[in-house]
Amino acid sequence: MTGDTTVSLADYLADAPRNAARRAAQEADWDLKGAEDARQLLYEREVAWKYGALTARAINAYWRVDTLLRGQAQAGSPLAAVPTCLLAAVAAWAEGSGADAVAAEAARRRDAFQAPRARGVRVFARIRPAYDASRPEVVERAEASGVVLHDARLSRSNRTLRVRHHYFETDGVFAGAAPVVAAVVDPLLDRFLVRKRDAALLLFGQTGTGKTHTLREALDRLVDRHAGPVEVRFLELSGKKDCRDLLNDGAPVKLLSDADEKIHFVGATVRAATTAAELRGALEAGLRLRASEETERNAASSRSHAVVQVLAPDGRALTLVDLAGSERKWETMGMRSRAQNRESADINLSLMALKDCFRATHDGGRVPYRSSSLTRVLRTCFFDAEAVHLVATLSPSADDLIHSVYSVATACLMAPGLGDATRSTVATERPAAELSAGTGDPALEHPARWSADTTRAWLLTAERGKFNHVVLPAGTTAGDLLSVDAAGLGALFAGQGRAARDGHEGAMWVVGADTDAALAREITNALKREACKWRLDMRLVLAALLPAAALAVEEYVAMVPAAADVSATSKPTVEWLHLTYPADVSRAGDVTMELVNASANDAARAVLGNWSHLDLSIGGGGGAMLSAKTLGDQMFVLVEVKDVPEGAGGGCCADTLRVYEKDASAKDLDLDALLAETFGASVAWVHATHTFDAFLEENKAVVLLQVQYSDADIGGAKVNAIVKVDVAAGTAVDTKDGDAYWSIESKLGAETYDYNSTVYKMQYVNESFGADSEEWHGNGILKFDDAAGTTLLALTHRFYEEAFVVKDPWTYGAADGADAILQRFGTSPFASGDDNGDAPTYHHFGLPAHAREWTGGVHNVWYTASSKTTSGGLRGKESITMFINSIDGRAGSFVFEFELKLAPQENATAVSDAVFGGVAFAYAECHFKAQAMGGARVLGDGVYLVASGGGSGAVFQVIDTANSTNSKMVTYPGDSGSDTNLYDPYTRIVVD
């Protein structure tokens with residue numbers, strides 16, 4: 001104490017703002033600065049058990065506020081117009097102390113520029129499943145790569161539960177087996193098996209959080225992908241120098257260094273494995289001999305580091321390390337012997353040495369790898385840290401929270417760019433008295449909804465027991481008391497008292513006190529104060545701020561009939577679907593999709609006007625060639641009203657851009673004439689093809705056309721270019737560098753048979769050149785701005801089975817990087833020689849090297865600024881969605897959603913398919929297989945709307961990543977029925 005005798009003891013104990021300085025000083029005195037012992041851990045567990053329900057409420061409040069701020073950034077959200085400071089104030093009012101800080105931090109993370117991480121160790125977190133579903137989970141995934149740990153502590157006065165919410169940014173967070181294998185293990189195996197380079201997987205975390213389980217999954221995957229003879233070494237490291245051979249009954253092994261600092265394992269057995277069965281046998285033999293000892297956290301705790309090395313004939317190594325438990329000495333309460341304490345100290349010293357080595361690696365300092373036997377074995381990892389993936393395994397239990405925080409914090413320190421700058425902590429507070437009412441829990445509901453038991457329990461403790469002498473008649477609730485004023489309650493006291501006495505019930509309203517109005521007024525006021533303390537659920541706040549319709553999405557989507565042959569389709573009409581679904585929809589079955597019939601209701605007619613059942617044959621043409629777009633009150637459609645140019649082929653030629661108003665009146669823009677003037681006499685023919693993008697620039701309608709033409713420079717082969725058109729002026733717009741059009745072949749093409757030279761260039765030697773050779777068959781284009789503000793184009797190529805991203809050449813010149821590929825997706829074929837008859841090999845861009853080849857083409861692209869898809873670790877990332885006609889050996893067409901992660905060539909240390917790897921992705925399989933065309937866009941969490949393209953039944957289908965059997969499907973109802981081709985689901989109107 002400070003000697004201030006003017007302050008009462010009650011004031012010292014109260015958590016009031018005026019005592020903030022005193023409390024801060026007291027907390028500082030109690031801070032052990034890392035020198036904790038078992039007493040602290042036991043205290044943490046006691047808090048976790050006793051105040052678990054209150055902690056859960058604080059966690060739920062945190063996520064409600066976080067969701068509110070993320071919703072503010074969504075396109076079309078009514079919250080977008082609300083200032084962040086006002087939302088923070090609403091959060092504080094609704095959720096209590098500290099919620100405004102949660103809102104501010106959520107907004108900061110949401111709006112922060114995510115600079116590309118420096119190359120080096122990649123750190124992932126894996127959250128073990130909870131053992132006790134009744135206990136709150138205090139470690140949770142945030143978006144795709146963040147993890148939040150909720151640390152609940154009681155104030156010194158035991159009056160306030162303070163929850164610190166620790167946020168850490170990683171390279172990915174997982175809570176299941178499949179994502180870990182796909183995102184963490186497969187890239188390492190690709191590096192080792194395909195790229196022929198060293199790779200390492202380190203598993204770090206508290207005992208009992210799943211390190212050995214993850215190791216077994218990785219080893220199973222290795223066995224599944226076994227290719228060729230290898231040798232296996234399996235060691236166990238413990239103490240400072242002890243090393244045992246787990247393939248030779250634990251025989252001792254010496255670690256010796258030669259003049260080149262290379263480590264030699266003297267006495268270690270190396271077991272050859274030429275088959276998958278032999279490899280599995282060697283690995284299982286080593287796992288069985290792991291040293292384990294029962295601890296408080298795990299009945300079979302691994303008290304050593306297990307090191308598995310798989311050696312290829314050329315000397316490269318795949319190293320997998322199951323590190324000993326990272327818990328501090330106070331965690332293993334039953335290990336009290338001197339030897340056990342020494343063992344625990346040695347384990348933590350080796351883990352500290354590992355951290356120091358990786359930090360020195362990315363800081364550019366001297367790497368102290370001689371500090372422990374563990375770091376000596378892993379010496380090569382420190383000089384090629386890009387080859388290392390580290391998985392921090394975490395427990396979701398509050399009992400283990402202190403160790404989970406330590407594990408993820410230490411792991412992040414081992415990677416460049418994941419230190420203090422990417423972590424944050426905010427704190428919220430809740431009165432501990434919310435759980436002090438005994439039989440009832442007043443904090444769970446508003447007082448007006450309390451039961452009679454909860455009301456009686458509240459009376460016993462309210463106002464420091466001021467009303468504990470009051471006895472209520474059976475069944476009386478707080479709602480009953482609040483329904484009358486103080487005078488009425490006083491009268492009720494007297495009346496009920498007389499009735500009780502007259503009935504000889506023996507139950508009185510008041511025992512041992514006068515039944516006057518003063519007591520009734522005090523009870524009424526106390527109840528009103530309790531009602532004011534009630535924290536409103538954020539859903540109630542949102543319901544008050546937003547109309548109910550704002551929580552759902554409503555849109556009309558056009559089924560535009562595509563006419564590949566103008567004579568085959570009679571009276572092609574645009575039909576419409578009405579879709580409604582939750583903004584965060586995660587199941588295909590939760591999407592309502594209905595056909596707008598001929599007798600459309602007033603709401604549909606008000607939205608669609610005369611676009612409903614719009615006949616595309618009026619004015620010439622037999623349907624779209626092949627797609628349409630809406631832009632405000634105008635619909636743009638590519639049509640073919642004349643003959644296809646001789647030699648053009650492809651079946652997808654458009655000579656006219658038709659613009660429909662809502663009253664169905666239309667104007668035509670002659671594209672043949674415009675393109676002939678743009679390209680001049682240097683080409684034999686030129687025509688618009690497949691699809692286009694439409695947008696506004698300076699309030700003027702502009703389109704980007706996919707254009708196919710014959711290129712005399714490569715024997716008249718068919719190639720593609722992009723042309724930008726000012727629709728009102730009817731003229732082409734020059735690129736930033738002054739070109740009339742942007743040629744994909746001349747800007748991105750290369751005539752080469754070198755595999756790696758076709759990573760950042762398109763190969764233009766597809767077996768042969770000539771008039772019949774179609775070197776490019778473009779069928780998707782989209783202009784968008786990414787989160788960094790860069791204007792990009794995404795395009796697809798049917799016969800190359802891929803999509804790619806470049807800078808917009810009308811915004812940037814070649815000097816700004818416009819004529820360079822920034823990202824590729826798919827399995828583009830590579831020809832090793834000109835017309836040599838060899839089957840092509842395939843690039844794998846954004847996919848594992850063992851992925852099946854895409855076949856039949858890739859069509860259309862859709863950009864999402866912040867993906868809601870949880871599968872594959874996409875949530876919160878920018879993404880590109882595309883439609884794949886078929887995949888080798890699979891029955892249906894597919895939708896793939898990839899993380900947008902630009903990789904300019906100037907940033908690549910070595911050029912290979914892997915420069916576009918390491919991206920998150922998810923996919924879903926359709927219930928049909930398209931021969932051509934088709935498109936998809938994302939609706940929510942792994943839910944996609946798909947147009948079936950050609951030859952697949954003329955349907956729109958809603959599918960999801962879980963392959964739900966209750967997906968929705970609607971068939972085109974027009975005159976041509978199921979023979980109609982439906983190019984994409986992008987022609988739509990979103991209802992405000």
* Will you find, in the side chains of Thr869 and Arg875, an N or O donor that is under 3.5 Å from an N or O acceptor? -> no
* Asked: Where the side chain of Ser867 meets the backbone of Gly876, is there a donor-acceptor pair that is under 3.5 Å apart?
  -> no
* Please test His264 against Asp258 for side-chain contact (heavy atoms from CB on, under 4.5 Å), starting from the C-alpha separation and ending with a verdict. => CA-CA 8 Å; His264 297 270; Asp258 60 20; 2.8 Å; yes
* Would you say Lys211's side chain and Gly205's backbone share a donor-acceptor pair under 3.5 angstrom? -> yes
* To do: Could you check Thr410 against Leu351 for side-chain contact (heavy atoms from CB on, under 4.5 Å), going step by step and ending with a plain yes or no?
  => CA-CA 9 Å; Thr410 302; Leu351 295 177; over 6 Å; no
* Given salt bridge (charged side-chain N to carboxylate O under 4.0 Å, His left out), test Lys877 with Glu897 step by step and report yes or no. => CA-CA 11 Å; Lys877 299 179 183 293; Glu897 184 182 0; over 6 Å; no
* Asked: Any idea which heavy atoms bring Leu247 and Ala285 closest together, and the distance?
  -> CD2-CB, 4.3 Å
* Asked: Taking NZ, NE, NH1 and NH2 as the nitrogens, is one of them in Asp314 or Lys196 under 4.0 Å from a carboxylate oxygen of the other?
  -> no
* Asked: Do His843 and Phe916 have ring centroids that are under 6.0 Å from one another?
  -> no
* To do: Report yes or no: does Asp198 contribute a side-chain atom to a donor-acceptor pair with the main-chain N or O of Ala317 at less than 3.5 Å?
  => yes
* Taking atom types as modelled and ignoring hydrogens, do the side chains of Asp322 and His305 form a donor-acceptor contact shorter than 3.5 angstrom? -> no
* Could you note down all residue pairs passing side-chain hydrogen bond (donor to acceptor under 3.5 Å, both in side chains) where residues 226-235 supplies at least one of them, sequence neighbours left out? => Arg233-Gln309
* Within the side chain of His166, is there an N or O that forms a donor-acceptor pair under 3.5 Å with the backbone of Thr425? -> no
* Within the side chain of Lys355, is there an N or O that forms a donor-acceptor pair under 3.5 Å with the backbone of Ala411? -> no
* Asked: Are the side chain of Thr961 and the backbone of Ser871 linked by a donor-acceptor contact shorter than 3.5 Å?
  -> no
* Got Val138 and Ile59 here, is their nearest side-chain heavy-atom distance under 4.5 Å? -> yes
* Pair Val388-Arg122, side-chain contact (heavy atoms from CB on, under 4.5 Å): steps then yes or no -> CA-CA 6 Å; Val388 179; Arg122 286 294 179 258; over 6 Å; no
* Going through the distances and angles, do Tyr167 and Arg109 end up as a side-chain contact (heavy atoms from CB on, under 4.5 Å)? -> CA-CA 10 Å; Tyr167 176 87; Arg109 289 203 311 267; 3.3 Å; yes
* Salt bridge between Asp913 and Arg195, side-chain N to carboxylate O under 4.0 Å? -> no
* Mind checking the CG-CG spacing from Leu203 to Leu320? Nearest 0.5 Å is all I need. => 7.5 Å
* **Non-hydrogen side-chain atoms of Val391 and Phe174 separated by less than 4.5 Å** => no
* Can you find a side-chain donor-acceptor pair between Ser407 and Gln206 that sits under 3.5 Å? -> no
* Asked: Between Ala306 and Phe234, what is the shortest heavy-atom contact and its length?
  -> CB-CE2, 4.1 Å
* Under 3.5 Å, side chain of Ser145 to main-chain N/O of Asp171, donor-acceptor pair present? -> no
* Asked: Leu283 and Val223: which non-hydrogen atoms are nearest, and at how many Å?
  -> CD1-CG2, 4.0 Å
* Asked: Do other residues, nucleotides or ligands put more than 12 heavy atoms under 6.0 Å from the OH atom of Tyr923?
  -> no
* Given the side-chain rings of Phe898 and Phe921, with only the six-membered ring counted for Trp, is the space between their centroids under 6.0 Å? -> yes
* Counting N and O atoms only, with roles assigned by atom type, does the side chain of Glu278 sit under 3.5 Å from a partner on the main chain of Thr274, one being a donor and the other an acceptor? -> yes
* To do: Report yes if the side chains of Leu287 and Leu215 come closer than 4.5 Å at any heavy-atom pair, otherwise no.
  => yes
* Asked: Do the non-hydrogen side-chain atoms of Pro368 and Cys357 ever get within less than 4.5 Å of each other?
  -> yes
* Structure fact -> All heavy atoms of Val173 vs all of Gly146, minimum pair found to be CG2-O, 3.3 Å
* Which atoms form the tightest heavy-atom contact between Tyr842 and Tyr755, and what is the distance? -> O-OH, 3.4 Å
* To do: Please check if the side chain of Arg162 supplies one atom and the backbone of Leu154 the other of a donor-acceptor pair under 3.5 Å.
  => no
* **Arg359 vs Met414 side-chain heavy atoms within contact, under 4.5 Å** => no
* Structure fact -> Phe192 and Ala199 have their tightest heavy-atom pair at CB-CB, 4.4 Å
* Structure fact -> Residues at least two apart in sequence or cross-chain that pass side-chain hydrogen bond (donor to acceptor under 3.5 Å, both in side chains) with Glu140, listed by chain then number, are Trp63, His150
* **Test side-chain hydrogen bond (donor to acceptor under 3.5 Å, both in side chains) applied to Asn756 and Ser912, step by step** => CA-CA 6 Å; Asn756 286 337; Ser912 68; 5.6 Å; no
* To do: Could you check if a side-chain atom of Val308 sits within less than 4.5 angstrom of a side-chain atom of Leu246, using non-hydrogen atoms only?
  => no
* Could you tell me whether the side chains of Thr209 and Thr393 share a donor-acceptor contact shorter than 3.5 Å? => yes
* Going by atom types only, do Thr827 and His844 share a side-chain donor-acceptor pair under 3.5 Å? -> no
* Asked: With a 4.0 Å cut-off, would you call Asp151 and Arg153 a salt bridge?
  -> yes
* What's the verdict on salt bridge (charged side-chain N to carboxylate O under 4.0 Å, His left out) for Arg126 and Glu217, showing C-alpha distance, side-chain angles and the deciding distance? -> CA-CA 13 Å; Arg126 183 178 192 181; Glu217 289 178 344; 2.8 Å; yes
* To do: Mark yes or no for whether Asp245, through its side chain, and Thr269, through its backbone, hold a donor-acceptor pair below 3.5 Å.
  => yes
* Asked: Under 3.5 Å, is there a donor-acceptor pair linking the side chains of Arg225 and His850?
  -> yes
* Is the closest basic N to carboxylate O distance between Glu169 and Arg423 below 4.0 Å? -> no
